[in-house]
Every structure is written in structure tokens, then in C-alpha cells.
Amino acid sequence: MRMTTRLKASLTNKALTHIIGAHDPLGARLAEEAGFDGIWASGFEISAAHAIPDASLISMSQHLEATRVMVDAVGTPVVADIDTGYGNAINVMHTIEKYEAAGVAAIVIEDKSFPKDTSLLEGGRQELLRIEEFQGKIEAAVSARKDPDFMIVARTEALIAGQGQAEAKKRGEAYVTAGADAVLVHSKQKTPDEIVEFSRAWDLDAPIVIVPTAYPDLTEARITELGNIKLVIYGNHGVRAIVGALRDTFGRIRADGGIHQVHGDLPPVSDVFDLQGVPAMKANEKKYLR
Ligand code: SPV
Ligand code: MG
């Protein structure tokens, strides 16, 4: 089954589909191994992996390439975070063509102005596009896709921008009217209240998507109870885990004056060989090297 169709069916048939952020194929493989339904090609993670802010500094081609190599590495759907679509509706059409050709299962496009600022930053610049302008971008995305199962997820930053529930609902509805398959509503509040309120007021068939980074108490069990949230994205836990793990290991090696202490606490190199696909390569060598 195509990844587009598989992801779309998952949103329809599963109570809740869960995907997690990654920025490279190794992380994507580990997410797949852990049993996630898919990969979030996170703009934040890919920016962080380049050690630059998530503020439209990564180019479309950089993000696309990072996404493509993840698609190639896993047998699970990849959802691409295309930020604002890298420009206006025309840029969006080009972006959709390229991401669909790269094999991604769905894209998420957000209603902020370009260049964007990252959503969870205290005091970040959060300027929204006019609704009609963003509807034009969604319509452009819908017209540019070839596979009808390639989902276009419209993300509203109305709550992030402090514009309130009514604005968030109005925008979500307008985006579905324009052809969005689902609406991602983002929140930076520390409690789930704002998202719960949005979910309770939402009465369209199009499913809701959330990124509960700021309000981690909204567990999958509680999300499922709400009924209309069908996709949860864990945005940045991979890159944060890496930051913690590298800082700890690198710091210990310096403190210990060698690798003699950390050595036994790390996964063996053979574990990395497996993740690289070395056993399959060796099997092929046996067959084909003569
Ligand atoms: C990302 O992971 O890039 C996201 C989610 O868009 S957030 O960083 O919370 O905006
Ligand atoms: Mg992002």
C-alpha cells in the first residue's frame, strides 16, 4: 500500500495515530523500531540539527533532502513539516510537487507569514496571513498534488499568536473549506485546556492534529477520549534526547580522561551496524561478490 493511503487509512481507522519528530535516517529508523506509526520530518529538529534557529533559515531544498533520506530509510509514512510553504501559493505548488515526488505521505503547512519564527519560543514573532491568502495556498497545494490520498494538513497558529478560540475555529473551518484534509491546531499553553476547548467546539468531519509538546499531560488515552483528534505529533523529543545524551557522554569522557567509563554504558558498535543495514549488505556480499 502507498504511504499516502496507509497514513490516510490510519487516521480513519485507528482511534489515534502517533508520529514522532526526526531529522535524519538513523533517528527515523529508531522511531520505526519503537513502533511509531510514522515520522514527523520536523522543521524544528532539522534546524536544530544544523544548529540554527527554526526561523525559515533552512531552505526548501535542505529540508526536502533531509526528508527524502528519511523516507528512503523507513517503511513507515513520513509527514513533512513544510512550515509556511517557502513563499506564496506558487512556491507552495512547487513545494508540493517536490515533496510528493520524494515519497512523503502528507505535508503540514502553517498560516504564518514568511519568514516564520518557531512556535514555542517565548516572545516569538507570530504573524498570521490573511485567511483568504492562506486559503489560496491550500487550494494551490490541493491542485498541485497528484495522489488524492496525499494529505494536506492546514495548521493554524491562531492560539500561538494569542488570537483566541473564535479565530482558531474560524481559520480551521476556512481551511477545510479550501480543501485541507485535516487541521493542526497548535498551542503553547502549559495545560491542555485550550486544545480541549478547541476539540469540543470542532464540529466538522475533518480530523484535528495536535503537537502536545507544551502540554505533556494530555496523554494518548485522554486525547482518544476527545474523539476528533486523530493524529498526535511528538515534535522534538528525539533531538532533546540527543542533546541530553551527547552532553552527558561527552562530558563524562572529558571528566574521566578517557572512554574507559562510558564504554560499557553505550550501545555496542554492533547495534549501530545493525541500524546501518550491515547484515543485509553482508548477505549480499555472500551472494554477489565473486
Ligand atoms: C516542528 O517540530 O518543527 C514543529 C512543532 O513545527 S513546533 O516546534 O512545536 O512548532
Ligand atoms: Mg515546524
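From a predicted model like this one, the values you see are computed outputs, not experimental measurements.
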K.L.:
Could you tell me whether Arg171 and Glu167 make a salt bridge, using a distance below 4.0 angstrom between a side-chain N and a carboxylate O?
P.N.:
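Judged by the 4.0 Å cut-off on N to carboxylate O distance, Arg171 and Glu167 do form a salt bridge.
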
K.L.:
For residues Glu32 and Thr76, is any side-chain donor paired with an opposing acceptor at under 3.5 Å?
P.N.:
no

K.L.:
Are more than 12 heavy atoms, taken from residues, nucleotides or ligands other than Leu266, located less than 6.0 Å from that residue's CG atom?
P.N.:
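Yes.
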
K.L.:
With side chain to side chain contact (heavy atoms under 4.5 Å, CB included) as the test, pick out the partner of Val183 among Val153, Val176, Ile208.
P.N.:
Val176

K.L.:
Please determine whether a side-chain nitrogen of the Lys or Arg among Glu110 and Lys116 lies less than 4.0 Å from a carboxylate oxygen of the Asp or Glu.
P.N.:
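Counted as a salt bridge, because a side-chain N and a carboxylate O are separated by less than 4.0 Å.
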
K.L.:
With no hydrogens and no angle check, just 3.5 Å: does a side-chain donor-acceptor pair link Asp149 and Thr5?
P.N.:
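Indeed, the side chains of Asp149 and Thr5 share at least one donor-acceptor pair under 3.5 Å.
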
K.L.:
Is it true that Phe114 and Tyr86 have ring centroids separated by less than 6.0 Å?
P.N.:
no

K.L.:
May I ask you to decide whether Arg29 forms a salt bridge with Glu33, counting only side-chain N to carboxylate O separations under 4.0 Å?
P.N.:
no

K.L.:
Just wondering, more than 12 heavy atoms not from Arg200 lying within 6.0 Å of its CZ?
P.N.:
no

K.L.:
Can you confirm whether Asp181 sits close enough to Val142 that some side-chain heavy atom of one is under 4.5 Å from a side-chain heavy atom of the other?
P.N.:
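Answer no - side chains too far apart.
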
K.L.:
Among side-chain atoms of Tyr215 and Asp193, is any donor-acceptor pair under 3.5 angstrom?
P.N.:
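Distance-only check fails for Tyr215 and Asp193.
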
K.L.:
Mind listing the side-chain donor-acceptor pairs of residues 231-251 below 3.5 Å, one per line with the distance, residues two or more places apart or on another chain?
P.N.:
| unit_1 | atom_1 | unit_2 | atom_2 | d |
| --- | --- | --- | --- | --- |
| Tyr234 | OH | Glu220 | OE2 | 2.5 |
| Asn236 | OD1 | Arg240 | NH1 | 2.8 |
| Thr249 | OG1 | Ala245 | O | 3.1 |

K.L.:
Taking side chain to side chain donor-acceptor pair (under 3.5 Å) as the test, write out the residues that go with Gln276, two or more places apart.
P.N.:
none

K.L.:
Determine whether the side chains of Lys137 and Thr84 contain a donor N or O and an acceptor N or O closer than 3.5 Å.
P.N.:
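Short answer, no.
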
K.L.:
Can you check whether Val104 reaches Phe150 side chain to side chain, under 4.5 Å on heavy atoms?
P.N.:
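The answer is yes, as the side chains (C-beta and beyond) meet within the 4.5 Å cut-off.
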
K.L.:
side-chain hydrogen bond (donor to acceptor under 3.5 Å, both in side chains) with Tyr99: which of His94, Arg68, His63, Arg145?
P.N.:
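So the option named by the test is His63.
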
K.L.:
Before accepting this row, confirm whether a basic side-chain N of the pair Asp265/Arg252 lies closer than 4.0 Å to the acidic partner's carboxylate O.
P.N.:
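Salt bridge present between Asp265 and Arg252.
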
K.L.:
Salt bridge or not between Arg155 and Asp111? Use side-chain N to carboxylate O under 4.0 Å.
P.N.:
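The answer is no: the pair does not qualify as a salt bridge.
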
